[in-house]
**Student:** 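A single structure is presented below for examination.
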Protein chains: 2
Amino acid sequence: MYFINNKEFKCSINVTLDIFNDRWKLSIIWHLLQGEKRFKDLNEDISEITQKTLTIKLKELEEKNIINREVFPEVPPKVVYSLTEAGLRLKPVLDEMYDWGVKYVSEYGKITEDNMCYTELNRKK
Amino acid sequence: MYFINNKEFKCSINVTLDIFNDRWKLSIIWHLLQGEKRFKDLNEDISEITQKTLTIKLKELEEKNIINREVFPEVPPKVVYSLTEAGLRLKPVLDEMYDWGVKYVSEYGKITEDNMCYTELNRKK
DNA sequence: CAGCATCCCCTAAGATACTG
DNA sequence: CAGTATCTTAGGGGATGCTG
């Protein structure tokens, strides 16, 4: 049995599943794996997310020690997010999810090469 | 751009994230990786899930060709769920999530060895 | 620019009861 | 045993406007 902030888990996998059981966190990690990003950049990368939800999710990830938040005292303000050690360790997870998606699409999806995201195009090289 | 049932995705990873963006599907896969299971067994393995939700999630996974559903015409009824090829390919994903959880717990959690789930105990061997 | 503050809505998920 | 059928609820998430 594991306890993290008085929340108990029967199995290690449940710790991971519990943290990432929402719609956005893994997506945020995916984009931060390309390097640190400003709030605005993340908001553009994940165009479907609202500012409010992004703010909440970033805060949650910071509390769980998965990302760092660095504030630059400038005007206009500049805030940069980056992955912690724990965050960087998620790369294998996301890579496997990506690979699974590629295979799944090849079996059950239809593809149009245009309008693909940059991550996708970079991987194709 | 990818299309799966007229739903469009900018990147392969989004296909994966979209399928598993709820609270239970990956947990179900995790347990099915140990072998085929009856409805009742899954319901006991994941004791927090309700019958209704389990039914819905199993149906969704079947529709997405991730699990098989086999009905035995007996009384009382017997239904066995197992992973398809696509489902089995999720093993690396779950394994990486498990490993991440182990490491995360070692850094931020407290452990009591008793009352651990069988998966956890098997892995310790 | 990077956020709060509000207000609002939908739906994933829970609780409970019933059936072939 | 393996599900339906209802009813209900919490909270994740959206839309919009404001501020240091």
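Chain identifiers are assigned alphabetically (A, B, ...) following the order of the sequence lines, protein sequences preceding nucleic acid strands; residue numbering begins at 1 within each chain. Below, all heavy atoms of this structure are taken into account, side chains as well, without hydrogens, waters or symmetry copies.
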**Student:** I need the minimum non-hydrogen distance between Cys11(A) and Tyr2(A), along with the two atoms involved.
**Tutor:**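 Taking every non-hydrogen atom into account, C-CE1, 3.9 Å.
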**Student:** Hey, can you pull the residues of residues 54-75 of chain B with a non-hydrogen atom under 4.0 angstrom from DNA chain D?
**Tutor:**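 Result for residues 54-75 of chain B: Thr55(B), Lys59(B), Arg69(B), sorted by number.
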**Student:** Check this for me: does any side-chain nitrogen of one of Glu62(B) and Lys59(B) sit under 4.0 Å from a carboxylate oxygen of the other?
**Tutor:**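 Here Glu62(B) does not pair with Lys59(B) in a salt bridge, since their nearest N and O are not under 4.0 Å apart.
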**Student:** With axes from five pairs an end, tell me the bend angle of the helix from dC1(C)-dG20(D) to dG20(C)-dC1(D), nearest 10°.
**Tutor:**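 Axis angle across the helix from dC1(C)-dG20(D) to dG20(C)-dC1(D), nearest 10°: 60°.
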**Student:** Between Glu107(A) and Arg89(B), does any side-chain N to carboxylate O distance fall below 4.0 Å?
**Tutor:**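 Yes, Glu107(A) and Arg89(B) are salt-bridged.
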**Student:** Does a salt bridge link Arg23(A) with Asp22(B), judged by any charged N lying under 4.0 Å from a carboxylate O?
**Tutor:**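 A salt bridge is absent here (no side-chain N lies under 4.0 Å from a carboxylate O).
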**Student:** Using a strict heavy-atom distance below 4.0 Å, which residues from residues 19-42 of chain B are in contact with DNA chain D?
**Tutor:**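 Close to the strand are Arg38(B), Phe39(B), Lys40(B).
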**Student:** Do Phe72(B) and Pro77(B) have side chains that approach each other closer than 4.5 Å (heavy atoms only, starting at C-beta)?
**Tutor:**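 Side chain of Phe72(B) against side chain of Pro77(B), heavy atoms only: no contact under 4.5 Å found.
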**Student:** Measure the distance from CD1 on Ile46(A) to P on dG12(D) and round it to the nearest whole Å.
**Tutor:**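 Atom-to-atom, Ile46(A) to dG12(D), this comes out as 17 Å.
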**Student:** Please encode protein proximity along nucleotides 15-20 of chain D as a string of B, S and -, counting only heavy-atom distances under 4.0 Å.
**Tutor:** B----B
**Student:** Tell me, please, which residues at least two apart from Asn68(A) pass side-chain contact (heavy atoms from CB on, under 4.5 Å).
**Tutor:**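 With neighbours one apart ignored, the set is Ser82(A), Thr84(A).
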**Student:** Which of these, Leu33(A), Ile29(A), Ile19(A), sits in a side-chain contact (heavy atoms from CB on, under 4.5 Å) with Leu90(A)?
**Tutor:**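 The side-chain contact (heavy atoms from CB on, under 4.5 Å) with Leu90(A) is passed solely by Ile29(A) among Leu33(A), Ile29(A), Ile19(A).
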**Student:** For Trp100(B), give me all partners under ring pair (Phe, Tyr, Trp, His ring centres under 6.0 Å), at least two apart in sequence or on another chain.
**Tutor:**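 For Trp100(B) the ring pair (Phe, Tyr, Trp, His ring centres under 6.0 Å) partners, ignoring immediate neighbours, are Phe20(A), Tyr104(B).
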**Student:** May I ask you to evaluate whether Tyr81(B) reaches the phosphate of dC1(D), defined as a side-chain N or O under 4.0 Å from OP1 or OP2?
**Tutor:**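 So the side-chain polar atoms of Tyr81(B) never come under 4.0 Å of the phosphate oxygens OP1 or OP2 of dC1(D).
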**Student:** For Asn43(B) and dG3(D), what is the distance between atoms CG and P respectively, to the nearest whole Å?
**Tutor:**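 Result: 10 Å.
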